[in-house]
Structure formats: C-alpha cells, structure tokens
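All remarks here apply to the structure that follows.
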Protein chains: 2
Amino acid sequence: MLLTDRQLLILQVIVDDFIRSAQPVGSRSLSKKEEISFSSATIRNEMADLEEMGYIEKTHTSSGRVPSEKGYRYYVDHLLSPQALDQHDIKIIRSIFAGKIFEFENIIQKSAKMLSELTNYTSIVLGPAVSVNKLKRIQIVPLNKETAVAILVTDTGHVENRTFSLPASIDSNELEKTVNILNERLNGVPMDELHDKIYKEVASLLKQHIIHYDWFLQSIAETVKIPNTEKLFFAGKTNMLSQPEFHDISKVRNLLTIIDHEEWITDMIRSNSTGINVKIGSEIQNSIMENCSLITATYSAGSEKLGTIAILGPTRMEYSRVIGLLKLLSSDLSSALTKLYHYK
Amino acid sequence: MLLTDRQLLILQVIVDDFIRSAQPVGSRSLSKKEEISFSSATIRNEMADLEEMGYIEKTHTSSGRVPSEKGYRYYVDHLLSPQALDQHDIKIIRSIFAGKIFEFENIIQKSAKMLSELTNYTSIVLGPAVSVNKLKRIQIVPLNKETAVAILVTDTGHVENRTFSLPASIDSNELEKTVNILNERLNGVPMDELHDKIYKEVASLLKQHIIHYDWFLQSIAETVKIPNTEKLFFAGKTNMLSQPEFHDISKVRNLLTIIDHEEWITDMIRSNSTGINVKIGSEIQNSIMENCSLITATYSAGSEKLGTIAILGPTRMEYSRVIGLLKLLSSDLSSALTKLYHYK
DNA sequence: GTTAGCACTCTTTGTTACCGAGTGCTAATT
DNA sequence: AATTAGCACTCGGTAACAAAGAGTGCTAAC
C-alpha cells in the first residue's frame with residue numbers, strides 16, 4: 001500500500017523534527033510548521049494511518065509520535081532531503097588532505113577525528129587488511145646473542161615487527177645470508193602467503209647454507225605470521241554519552257563495552273559492497289545497538305577496496321548530513337590514497 | 001592532637017565498611033560489628049570528635065558518616081590492614097610472566113588488562129620514554145622513486161618507523177652508502193640525541209659521498225625526531241561506570257574525556273619517586289578527579305627506572321588490595337624486564 | 001475530504017504525609 | 001569520669017494524590 005504525498009510529507013517532517021529535538025512530535029506542533037497547511041485533526045488522522053502501517057509509533061497512548069525503524073528506513077531510502085553539504089563541513093574535510101601525505105595511519109586517524117568532531121557521533125575507520133599487502137623487504141636485526149627483531153615492510157610502507165629467539169649456533173654471516181635469501185624469494189609475496197611460501201621455496205635453499213636450519217626456519221615462519229585482522233581507528237568513543245537516548249548508565253556501559261571489543265566492531269563494519277550503507281537499529285544485528293544506526297562508506301585506492309569508514313550514532317541520527325560527509329570523505333580519501341600508492 | 005586507640009579503631013572500621021558498601025556508616029550498624037564492644041552512643045560521641053578533627057563527614061545532618069579525604073589519607077598512611085594478598089590474585093599476576101617473554105608492549109598490555117580485571121578499576125601503564133633508548137640499527141627501505149620508510153630499531157627491540165620523501169636525484173647506491181654511514185656513526189646513540197648528532201658528525205661525511213646531500217640530510221634528521229612521549233597503555237577504561245559514585249552521566253563523561261587526553265594522564269602519572277604512591281581526591285590536582293584516587297608504582301630494569309603502573313579508582317578504593325597487587329606486579333615486572341634486557 | 005470540538009489518557013510536576021535511619025543531647029548508670 | 005539508655009529532632013526516600021499540560025481518537029459539523 002502506497003503512501004500519499006501528504007503522508008510522505010508528514011512522515012518526513014516527523015522524522016526531521018524528531019532528529020532535531022529528540023522529543024515525540026504531536027499533531028499540534030506539526031500543524032504550526034510552515035510547510036504544513038492543514039489542521040491538526042487532519043494530521044492526527046494521517047498519523048493514525050502512518051502508525052497502522054508501522055512507520056511511526058507512540059511512546060504511550062497519548063504521546064506524540066516517534067519514527068519507527070521502518071519509518072527511518074523509508075526516510076533514508078526515499079525522503080532524504082538533497083544533501084547540500086555545509087561549506088564549513090566541506091572545508092574541514094578538505095583540510096585533512098591539505099598537507100603532503102606520507103602515512104596512511106596518520107591520515108586515517110585524522111579523518112576519524114574530524115568526522116567525530118563534526119558530527120558528535122562515534123566514528124570508526126577500518127583499515128586495510130595488512131595481509132593483502134605485499135612484502136617489500138624483510139630485515140632481521142639481532143638485539144643480542146639470543147634474540148632478534150624481524151621487520152617486515154610492505155609495499156604500502158606499513159611496517160610490522162616481531163621479536164623472536166635466535167638459535168644459539170647462528171653467526172652474523174649466516175643471518176645475513178638468510179635475510180638475503182628471504183628478500184630474494186619473498187619480495188612481492190602477499191603477507192598472508194609468506195608462511196606457506198617460506199616452507200615451499202625458502203626451506204630447501206636455507207638448508208644448503210645454514211646449520212640447524214630447521215628450528216630457525218620454523219621460528220622465522222612463525223614470526224612472519226601477521227595477524228590478518230584489519231586495524232581499527234576510533235574517534236569520539238564517548239560522544240554517545242551526550243546523546244539524550246543514552247542518559248541511562250547501563251545502556252552507555254553496554255555500548256562502550258561493545259565498542260571496546262574490536263573484533264565485534266570489525267565484523268559489524270566490514271562490508272562486501274562498496275559505497276554508502278545504512279544500517280538502522282536492529283539491522284545492525286546486535287541487541288545492544290537497538291537504538292543506534294551505523295552508516296558505512298568504503299574507500300579504495302585505484303580500483304582496490306581498502307577499508308571502511310563508519311559513523312555510529314543514535315537511530316535519531318542526522319542521516320542526510322552524515323551521508324553527505326561520508327560520501328565526501330570517502331571519495332577524497334580514496335583519491336588521496338590512490339595518489340599515495342601510485343595507482344593509476 | 002592524637003587519636004585514641006578507640007578512635008583509630010572506629011575510623012578504620014568506618015573506612016573499611018564504606019569501601020565495601022559505598023553507604024554512609026551509622027553508629028548503630030558499627031556497634032553491631034564484632035570488633036566493636038561499646039555502645040552506639042559512645043560511638044556517636046567518638047564520631048562527633050572524629051568529624052570535628054576532619055577525618056569523617058556527614059552527607060547531610062542526620063546521615064551516617066563517610067570518610068573525608070583526610071580520613072582516607074590517615075587510613076592509607078597508618079591503618080592499612082597488613083596486605084595479605086589473595087592466593088588467587090597472586091596466581092593471576094604470576095600467570096602474566098609464565099610464557100617466554102619477547103616483547104615489552106605485549107607484557108605491559110597484558111599486565112594492564114589483568115590489573116583492571118582483578119580490581120574492576122581503570123589501569124594505566126606508562127611505558128618507558130623511547131628517547132632514552134639507544135639506536136641499534138637504522139634502515140631505509142625505498143617504496144618507490146619518491147618515498148622511503150626509515151626504520152629505527154632500539155637496543156630494547158623497539159621499532160619506530162616513518163615515511164619520508166627521497167630526493168629525486170638519489171640512487172640506490174648512494175642510499176646504501178648513507179645508511180652505512182648512519183649506522184656506523186649513530187649506533188648506540190640515545191634516540192633523542194640522534195637529530196643533533198646527525199648534524200654534528202654525519203653531515204660532513206655525507207657531504208663527501210652524496211650529491212644534493214643538504215636536503216637529504218635535513219629530511220633524515222627530521223625523520224629521526226621521535227616524539228619523546230612515553231606510550232600509555234590502558235585497560236578497563238569503562239570500569240568506572242560500574243562504580244556507584246559514577247551513576248551520574250556528566251561525571252562519567254568528564255572522567256572519560258580526561259582519560260582520553262593522554263598527555264594529561266601522562267603528566268598525572270609520571271612520578272619522579274620510585275615505589276608506591278597514593279594520591280587521594282584533590283591530591284590528584286584535577287577537579288574532575290575529586291572523587292578518584294590514583295595509586296602508582298614504578299617498575300624498572302636493573303637499576304634504571306622504566307615506567308609507572310597506575311590504578312585509577314574511586315576514592316572509595318580497596319587501597320590495601322590494590323597496593324598489594326601493584327607491589328607484586330611492579331616487582332615481578334621489573335625482574336622480568338631486567339631479564340629481558342639482560343641487565344645484571 | 002477537512003476541521004472544530006470534546007472527552008479521555010498518560011506523563012510530569014508539585015504537595016503532602018509518613019517511615020526509617022541516623023544524630024545530638026541529657027540524664028541515668030556503672 | 002566514662003559509658004550508655006532514652007528521646008526529640010532532622011533529613012532523605014517513597015508513596016499517594018492532585019492538578020496541569022500535551023496529546024490522542026472520535027464525532028459531528030462544515
């Protein structure tokens with residue numbers, strides 16, 4: 001059953017008003033708005049219909065109306081006022097990319113910070129999985145007779161390091177040879193294939209040159225196993241506390257607890273589609289996030305998808321503005337990274 | 001004016017009871033305790049004296065008493081029941097050091113986590129300043145024609161890395177020479193002296209070998225400037241939310257905001273003395289932390305002080321237990337690190 | 001189809017009363 | 001002289017109740 005134009009208008013004004021005020025919207029206050037020309041009684045009738053269809057709800061029998069999840073969903077899908085981004089917002093976002101950009105993490109963290117400051121919601125950026133990057137160089141720096149640091153540099157300039165035990169028997173000559181072999185054989189290999197590749201291609205070579213090679217080999221292979229979880233960057237974790245729907249301590253606690261579980265957040269945010277994605281309330285599939293919405297946008301370098309930017313806020317979120325901001329940021333970020341990594 | 005034994009006893013029981021229950025302690029409930037053999041009227045008289053001397057307070061005219069800051073201070077300084085650590089606590093702390101230890105950050109993070117889980121307070125560990133470590137090796141890995149990653153490894157196995165621009169003119173041969181010179185000249189130099197040392201000792205050498213050396217030199221010198229802030233490790237940031245004194249959202253927000261300002265926390269925790277240090281309420285010198293206490297303990301490797309472990313909780317904190325835990329952990333941590341870094 | 005009018009519902013706010021836990025003081029007891 | 005029993009008093013918390021206000025649904029009139 002389709003909504004009439006008037007119902008659409010009323011739904012839109014209700015959602016807009018509730019997003020702004022966080023207060024249930026009554027027929028009388030609606031009738032006073034300039035975009036609405038009919039009486040409160042008419043509005044009451046229409047609201048009764050909208051409620052019957054599930055787009056709005058009452059908090060109690062004689063209260064004003066509040067958008068339901070279905071209402072928000074409809075609003076986001078069909079009623080979003082054209083996203084004219086604020087000049088100030090644009091300026092702030094652009095400022096992130098003003099200076100020369102060297103490091104990925106830097107710019108990502110800055111993006112997250114700006115987003116959370118602009119919106120006053122929590123922003124989360126999911127970085128690229130290190131595991132898909134390719135090895136540029138491996139280096140082993142002995143610290144003393146028994147331990148050494150292995151350093152892995154990827155083609156994106158990301159550095160991983162890990163300390164491990166050296167075999168007592170090894171000398172610096174052998175170590176150097178090993179490193180050379182490793183670099184020769186492993187250059188350009190994706191990080192998550194290093195472990196296998198070492199056994200397949202490096203083992204035999206190493207055997208010829210190194211005494212006690214087996215234990216050393218295993219040790220290196222183990223060291224090279226980078227956890228393939230994408231790194232998360234947060235900003236504004238506590239912004240939720242200033243939202244009126246979180247004036248209840250226990251809700252806040254639950255929410256912050258979830259936020260501190262990075263693996264859950266990663267699962268929540270990682271998306272296989274590209275572009276903007278809006279999850280409202282129970283669509284997030286997490287009962288504690290029932291009154292939250294999660295808006296995600298993907299970013300990429302060249303044609304390769306790298307990660308996701310997300311904003312977590314109350315269901316009563318400024319969808320229009322947030323979507324606009326995310327679109328802008330993800331596209332700016334993508335082109336910055338494309339340049340940074342010299343994709344064409 | 002000295003306290004009588006009976007006043008001491010009463011003060012102690014009040015503090016103990018309040019720490020346990022978070023409820024003001026009345027004369028009647030005190031008189032029922034087995035360690036107390038006199039009547040509630042007597043207790044009332046003594047409490048009036050204790051209040052006059054500023055050790056305890058009333059929340060309103062006819063309420064029970066609550067320890068004042070001065071009361072807590074006296075309690076911590078003189079009345080702490082001998083810290084018999086729970087076997088279970090000891091076991092947990094010891095478990096941190098069970099496996100072979102390779103990496104500093106690992107063990108520190110684990111310590112913070114265990115502490116916060118055991119106590120249900122917020123735990124903060126201040127790591128050592130990287131700036132006092134000595135350079136073990138510097139490595140430069142070119143990513144493409146224009147950029148390269150500089151990697152600095154310290155004698156403690158800590159790795160810092162930074163991306164920077166390469167001069168267009170440089171070739172791999174020159175780069176290799178440069179790295180060799182840097183390593184020759186800078187090995188063992190404290191991290192915070194690298195910048196100066198490069199200008200003093202490396203500049204002239206570099207000049208002989210490298211074309212366009214000046215800009216390159218400056219670029220490297222800049223890259224080598226490691227921020228000399230100590231790294232902070234947190235655990236249980238939101239534990240405060242479960243403390244009854246923080247049932248007020250605005251308090252929680254203020255507190256969490258402070259906690260997210262790492263530089264403030266660093267200042268708060270960094271201590272020049274060694275050993276255990278207890279700061280109660282306003283002694284923390286931060287009005288938002290008025291109802292918090294901060295207990296810190298230092299840890300070291302050999303005779304060199306490395307950092308600080310801290311527990312942040314409500315003034316109504318389990319001082320005895322926390323101090324016990326911190327003493328144990330800081331000494332275990334110190335000996336583990338002493339071993340790890342091969343101090344004698 | 002729209003709207004004015006009205007009875008009704010439910011939250012919010014304020015008032016009042018009362019209970020219980022606690023105190024300070026005085027007088028009796030040890 | 002120190003301790004304790006007794007009692008009047010204070011204050012926070014809770015419940016009960018009333019009144020105000022915002023809102024609804026329905027009916028009848030426009």
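Keep in mind the model is a prediction, meaning the values are calculated, not measured. Per chain, numbering begins at 1; letters A, B, ... match sequence-line order.
- Taking a cutoff of 4.0 Å between a charged side-chain nitrogen and a carboxylate oxygen, B:Lys237 and B:Asp260 qualify as a salt bridge.
- Going from atom CD of A:Glu46 over to atom P of C:dG1 covers 11 Å, rounded to whole Å.
- Distance from the side chain of B:His60 is smallest to D:dC11 among D:dG25, D:dT4, D:dC11.
- Of the candidate nucleotides C:dT23, C:dG24, C:dT11, C:dG24 has the atom nearest to the side chain of B:Ala48.
- Note on B:Ser63: every side-chain N or O is 4.0 Å or more away from OP1 and OP2 of D:dC11.
- Between the side chain of B:Ser62 and the base of D:dT10, at least one donor-acceptor pair of N or O atoms lies under 3.5 Å.
- In this structure, the nucleotide among D:dT10, C:dT2, C:dG24 sitting nearest to the side chain of A:Thr42 is C:dT2.
- Taking 4.0 angstrom as the limit, A:Arg44 places none of its side-chain polar atoms (N or O) nearer than this to OP1 or OP2 of C:dT3.
- Ranking D:dT4, D:dC7, D:dG25 by closeness to the A:Glu51 side chain, first place goes to D:dG25.
- Aromatic ring pairs are classed by plane angle as parallel below 30°, tilted from 30° to 60° and perpendicular above 60°; the pair A:Tyr72 and A:Phe18 is tilted.
- Contacts between residues 9-41 of chain A and DNA chain D, defined by a heavy-atom separation under 4.0 Å, are made by A:Gly26, A:Ser27.
- The residues A:Lys251 and A:Glu245 are annotated as not salt-bridged, no charged nitrogen and carboxylate oxygen being separated by less than 4.0 angstrom.
- Atom pair A:Ile43:CD1 and C:dA4:P shows a separation of 11 Å (rounding to whole Å applied).
- Annotation: A:Arg28, atom CZ; neighbour count of heavy atoms from other residues, nucleotides and ligands within 6.0 Å does not exceed 12.
- With rounding to whole Å, A:Ile56 atom CD1 is found 9 Å from D:dT24 atom P.
- B:Glu69 contributes atom CD, which lies 8.5 Å from atom CD of B:Glu57 (distance to the nearest 0.5 angstrom).
- Atom CZ of A:Arg6 is separated from atom C1' of C:dT3 by 11 Å (rounded to the nearest Å).
- To the nearest angstrom, C1' of D:dA5 lies 12 Å from CG of B:Asn45.
- Within residues 64-72 of chain B, no residue places a heavy atom under 4.0 Å from DNA chain D.
- Judged as a salt bridge (Lys or Arg N to Asp or Glu O under 4.0 Å), the pairs with a partner in residues 1-24 of chain B (not counting sequence neighbours) are, in order, B:Arg6-B:Glu46, B:Asp17-B:Arg20, B:Asp17-B:Lys33.
- No more than 12 heavy atoms of other residues, nucleotides or ligands sit less than 6.0 Å from atom CD of B:Gln87.
- Note on B:Lys58: a side-chain N or O is less than 4.0 Å away from OP1 or OP2 of C:dG24.
- The separation between B:Gln7 atom CD and D:dA2 atom P is 13 Å, rounded to whole Å.
- A:Met47 has its CE atom 7 Å from the P atom of D:dG25, to the nearest Å.
- Residues B:Val15 and B:Ile19 meet the side-chain proximity criterion, which asks for heavy atoms closer than 4.5 Å.
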Given side chain to side chain contact (heavy atoms under 4.5 Å, CB included), test A:Ile269 with A:Ile124 step by step and report yes or no. CA-CA 9 Å; A:Ile269 284 179; A:Ile124 312 169; 3.5 Å; yes

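- Surrounding CZ of B:Arg253 are at most 12 heavy atoms belonging to other residues, nucleotides or ligands under 6.0 Å away.
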